[in-house]
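As structure tokens, the structure follows; a few thoughts come after it.
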Amino acid sequence: AQKVTQAQTEISVVEKEDVTLDCVYETRDTTYYLFWYKQPPSGELVFLIRRNSFDEQNEISGRYSWNFQKSTSSFNFTITASQVVDSAVYFCALSEPSGGYQKVTFGTGTKLQVIP
Amino acid sequence: EAGVTQFPSHSVIEKGQTVTLRCDPISGHDNLYWYRRVMGKEIKFLLHFVKESKQDESGMPNNRFLAERTGGTYSTLKVQPAELEDSGVYFCASSQAAGMRYNEQFFGPGTRLTVL
């Protein structure tokens with residue numbers, strides 16, 4: 001069975017600080033995908049990134065960066081120079097192919113509050 | 001191309017009443033999924049349709065929940081009678097036909113259900 005753990009329930013940072021959101025996953029499959037989603041106060045799920053299990057290259061997109069390490073089963077997300085607009089709940093998710101479709105398992109989410 | 005849409009965006013009902021949520025997937029997507037997030041917890045899988053057939057309904061919490069996808073297009077999720085613990089955000093997602101190497105799930109904006 002697959003499982004995603006986001007141990008940080010809530011994080012508060014002051015604007016312009018860097019913050020890292022942790023994600024640890026469990027899976028028995030060798031082929032899987034990892035995701036991060038953002039849920040702002042308005043409620044919708046905003047896709048941020050997808051990573052497949054064969055690509056361990058770290059990725060940077062503007063102020064966002066992701067560190068994927070299979071050795072520790074972690075897929076951490078760092079926001080550099082945080083802004084108030086980054087305040088949201090962030091979900092890490094794991095997807096395994098199953099009979100031609102993807103079954104997605106989400107973590108419990110980390111609520112990030114950026115204080116001006 | 002239109003994304004996944006959900007209606008209503010927000011519903012407030014009293015305990016014991018019935019509510020029907022609707023999801024319109026991306027045109028041509030055979031796979032349709034329902035998820036929900038109750039307060040402070042993870043986003044949990046409810047069920048999965050392939051066209052009009054229920055492929056996996058292992059996440060449906062109890063028999064007060066009924067999902068349908070007549071004709072394999074839009075889907076409805078009915079809660080009858082609603083209980084307080086049903087409050088949360090209900091997400092719908094869709095993906096392309098099975099058989100592709102990776103079927104990305106596209107999420108709708110969610111319906112926020114509040115049961116008083």
Side-chain angles (χ1 to χ4, degrees), chain A residues 1-11 21-26 29-55 88-113, chain B residues 3-6 8-11 21 23 25-26 29-51 53-59 87-114:
Chain A
Q2 51 190 25
K3 182 180 178 182
V4 176
T5 301
Q6 293 180 256
Q8 304 150 308
T9 307
E10 289 193 41
I11 301 176
L21 310 183
D22 298 332
C23 174
V24 175
Y25 63 92
E26 294 176 29
D29 279 296
T30 55
T31 302
Y32 53 88
Y33 297 88
L34 295 163
F35 307 80
W36 275 95
Y37 287 88
K38 173 182 179 180
Q39 186 186 29
S42 49
E44 74 275 18
L45 275 179
V46 178
F47 169 82
L48 295 178
I49 189 172
R50 179 185 75 239
R51 229 28 181 170
N52 75 54
S53 52
F54 299 108
D55 183 0
V89 180
Y90 291 85
F91 292 95
C92 181
L94 167 69
S95 166
E96 296 172 330
S98 173
Y101 71 97
Q102 302 285 328
K103 189 164 186 176
V104 182
T105 299
F106 288 85
T108 50
T110 297
K111 183 176 181 179
L112 174 64
Q113 184 178 17
Chain B
V4 177
T5 57
Q6 292 186 244
S9 57
H10 193 178
S11 179
L21 313 181
C23 169
I26 292 173
H29 281 192
D30 287 345
N31 294 295
L32 188 149
Y33 311 81
W34 283 99
Y35 296 84
R36 76 169 179 177
R37 184 184 190 224
V38 295
M39 184 61 71
K41 299 192 175 180
E42 73 270 31
I43 299 171
K44 292 193 75 172
F45 167 84
L46 295 179
L47 88 159
H48 166 223
F49 284 99
V50 177
K51 297 185 179 178
S53 300
K54 292 176 185 174
Q55 180 77 14
D56 180 353
E57 51 183 332
S58 60
S87 296
V89 181
Y90 289 76
F91 292 101
C92 176
S94 71
S95 68
Q96 289 182 317
M100 296 181 66
R101 183 167 178 265
Y102 174 72
N103 286 323
E104 179 171 353
Q105 292 187 25
F106 296 86
F107 282 83
T111 292
R112 184 178 295 274
L113 174 64
T114 303

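Each chain gets a letter, A, B and so on, in the order its sequence line appears, and its residues count up from 1.
With a threshold of 4.5 angstrom between heavy atoms, B:F106 does not approach chain A through any atom at all. Residue contact with chain B, scored on non-hydrogen atoms closer than 4.5 Å, is absent for A:Q6. Proximity to chain A is absent for every atom of B:T111, based on heavy atoms less than 4.5 angstrom apart. At a 4.5 Å heavy-atom cutoff, the contact between A:V104 and chain B is made by backbone and side-chain atoms alike.
Atom NZ of A:K38 has more than 12 heavy atoms from other residues, nucleotides or ligands within 6.0 Å.
Here CG of A:L45 is found 9.0 Å from CZ of B:R37. Values are rounded to the nearest 0.5 Å. Taking CD of B:Q6 as the reference point, atom CD of A:E44 lies at 11.0 Å (rounded to 0.5 Å).
Nearest heavy-atom pair, B:K41 versus A:F91, reported as atom, atom and distance to 0.1 Å: O-CE2, 4.4 Å.
Side-chain contact between A:Q39 and B:I43 is absent, with no heavy atoms from C-beta onward closer than 4.5 Å.
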Problem - Chi angles and distances behind the ring pair (Phe, Tyr, Trp, His ring centres under 6.0 Å) call for B:F107, A:F106 - result: CA-CA 13 Å; B:F107 282 83; A:F106 288 85; 5.8 Å; yes
